[in-house]
**Q** 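Take this structure, written in structure tokens, and hold onto it; I'll ask about it next.
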There are 2 protein chains.
Amino acid sequence: MIKIVENKNDTKVKSKKTTKQKIFEAAIDLFAQKGFNATSMREIAESVGIKKASLYSHYKSKDEILEKILEYPIERIGNVGEQNIGTEELIVSMGLEKFMNLAGDLVLSWMEDPYMEKIWRIICIELYHNDQIKKFYSEFEVISCSYWVSAFDIMMKHKLIKPSNPRILASEYLSFYGNAYMDYFLLNYGSTSGSFLQEYKDRIDQHVAFMVDAIKP
Amino acid sequence: MIKIVENKNDTKVKSKKTTKQKIFEAAIDLFAQKGFNATSMREIAESVGIKKASLYSHYKSKDEILEKILEYPIERIGNVGEQNIGTEELIVSMGLEKFMNLAGDLVLSWMEDPYMEKIWRIICIELYHNDQIKKFYSEFEVISCSYWVSAFDIMMKHKLIKPSNPRILASEYLSFYGNAYMDYFLLNYGSTSGSFLQEYKDRIDQHVAFMVDAIKP
DNA sequence: CCTACCGATCGGTAGG
DNA sequence: CCTACCGATCGGTAGG
């Protein structure tokens with residue numbers, strides 16, 4: 001079942017943050033601005049207002065900070081694969097167009113959390129070099145792809161779309177998002193005051209409309 | 001007019017390479033393997049068989065080496081914009097399907113040059129951080145996009161495709177390539193013995209077939 | 001949470 | 001094309 005998960009531990013409304021939380025947030029900000037390798041432990045410490053050596057009382061290493069950052073989206077997004085249960089009923093009850101739009105909105109909702117946009121930026125930036133990040137992204141891609149292959153399969157079974165290859169449809173559907181992410185996070189990030197949501201809402205709607213038109217019976 | 005440019009100065013068949021050429025090639029290899037920042041001048045020198053200080057007799061700095069590497073695809077690909085002349089005649093004479101396939105093959109032909117695949121890898125890897133590379137890629141994207149917007153515009157004028165928004169069609173058409181490049185060069189590069197061509201030939205054909213089916217009248 | 005330090009490595013230069 | 005060096009910076013640690 002697709003649902004938008006609420007952020008339970010809303011640490012940001014608390015006025016008193018622990019030093020560990022401050023380090024976590026400073027690291028997200030700096031990694032998103034400059035990348036993981038280009039950010040030094042000194043800079044993180046300065047941003048928090050302590051000395052570099054003190055960081056090691058809270059995190060074993062620079063890599064451990066990244067590790068903890070990457071755990072956030074895993075908890076936040078949850079296992080998309082598990083959401084398969086209920087998809088068939090959802091598709092049948094909503095119909096092609098409504099379902100496609102809902103799914104597009106789900107992708108966007110992941111970005112409403114201010115941490116998530118920064119973490120996606122970190123992922124895009126360091127995708128090439130950091131094995132932790134590579135593994136995370138690869139798994140995310142596999143899960144997304146298999147979800148959509150089965151979704152298109154269901155649609156085909158119920159004759160909501162033309163007969164075709166679900167794998168190709170999933171590739172066509174998801175390529176747009178992959179490309180849009182890379183475009184935004186690698187080329188445009190920081191150059192606009194807006195967010196991914198604001199910048200790409202129209203284009204996502206156009207993409208969904210194009211796909212619906214291309215695959216409807 | 002779209003045409004496949006031959007590699008004129010085929011430096012690789014020469015048995016005697018200058019040290020400058022050896023440095024150039026060693027740098028391409030290392031940057032493609034590890035990235036620009038992660039490759040040291042020491043490593044380049046070792047790979048050539050000289051000492052680090054000697055590199056500076058041939059190149060002013062590490063940045064200058066990258067600069068020269070990025071000049072290669074500019075000469076190799078040429079200005080795609082200039083090739084606009086003749087596109088209309090080509091489209092009308094070939095028809096939708098043939099033209100779309102030819103264009104897909106052109107993209108692939110850029111990869112047949114062994115330097116080009118490595119240079120694309122360098123571009124993908126360092127896109128986030130290096131302003132030289134960012135500028136190169138952004139310009140490439142703008143040129144590609146405007147070429148395809150005008151191509152779809154021409155097709156529409158001649159009623160070879162359904163009435164729709166050429167800009168959206170260009171985005172849908174090109175997203176696949178952008179995503180495929182990132183996928184191959186960031187996630188799969190080095191893990192297979194094959195090349196981009198070998199790995200993606202089938203998927204490109206499927207993409208072109210999907211697009212043709214989606215936009216034909 | 002600090003001061004003070006470690007070895008390693010970086011791009012680049014002086015001078016021959 | 002070399003040896004020998006430069007200052008800067010890195011992640012991390014000892015010891016309090």
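Order of the sequence lines fixes the chain letters, A, B, ..., with proteins taken first and strands second; residue numbering starts at 1 for each chain.
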**Q** Does B:Lys118 qualify as a cation-pi partner of B:Phe31, given the criterion of NZ or CZ under 6.0 Å from the six-membered ring centre and within 45 degrees of its axis?
**A** no
**Q** Give a yes-or-no answer on whether the side chains of B:Tyr200 and B:Gln206 include a donor-acceptor pair shorter than 3.5 Å.
**A** no
**Q** To the nearest Å, how far apart are A:Glu43 CD and D:dA8 C1'?
**A** 14 Å
**Q** Using a 4.0 Å heavy-atom cut-off across all strands, classify A:Ser57 as base, sugar-phosphate, or nothing.
**A** base
**Q** By nearest atom, which of the nucleotides D:dC2, C:dG12, C:dC2 is closest to the A:Ile50 side chain?
**A** C:dC2
**Q** Picking from C:dG12, C:dC1, D:dG12, which would you name as closest to the side chain of A:Tyr56?
**A** D:dG12
**Q** In whole angstroms, how far is the C1' atom of D:dG11 from the CZ atom of A:Arg42?
**A** 9 Å
**Q** Starting from C1' on D:dG11, measure out to CD1 on A:Ile65 and report it in whole angstrom.
**A** 11 Å
**Q** Take atom CD1 of A:Ile44 and atom P of D:dG11, then tell me their distance rounded to the nearest Å.
**A** 8 Å
**Q** Apply the test ring pair (Phe, Tyr, Trp, His ring centres under 6.0 Å) to residues A:Tyr128 and B:Tyr189: give CA-CA distance (whole Å), side-chain angles for both, the deciding distance (0.1 Å), then the verdict.
**A** CA-CA 10 Å; A:Tyr128 81 98; B:Tyr189 189 82; over 10 Å; no
**Q** Output the rounded distance in Å from NE2 (B:His58) to P (C:dT13).
**A** 15 Å
**Q** Do any side-chain nitrogens or oxygens of A:Ser40 fall under 4.0 Å of OP1 or OP2 in D:dT9?
**A** no
**Q** Whole-Å distance between D:dC10 P and A:Asp63 CG?
**A** 16 Å
**Q** Output the single nucleotide from C:dC1, D:dC1, C:dG11 whose closest atom is nearest the side chain of A:Thr19.
**A** C:dC1
**Q** Quiz question: by atom type and distance under 3.5 Å, do the side chains of B:Tyr177 and A:Asn179 form a donor-acceptor pair?
**A** no
**Q** DNA chain D: B:Ser54 or A:Ala38, which has the more 5' nearest nucleotide?
**A** B:Ser54
**Q** Check this one for me: any side-chain N or O of A:Ser61 less than 4.0 Å away from OP1 or OP2 of D:dG11?
**A** no
**Q** Any donor-acceptor pair under 3.5 Å joining the side chain of A:Lys52 to the base of D:dG12?
**A** yes
**Q** May I ask which nucleotide in the shown strands pairs with D:dG15, Watson-Crick or G-U wobble, both distances under 3.5 Å?
**A** C:dC2
**Q** Would you say B:Lys62 places a side-chain N or O within less than 4.0 Å of OP1 or OP2 belonging to C:dG11?
**A** yes
**Q** Specify the separation, in whole Å, of atom CG of B:Leu55 and atom P of C:dA14.
**A** 17 Å
**Q** Tell me: NZ of A:Lys51 to P of C:dC5, nearest whole Å?
**A** 15 Å
**Q** Taking the six-membered ring for Trp, are B:His207 and B:Tyr173 closer than 6.0 Å centroid to centroid?
**A** yes
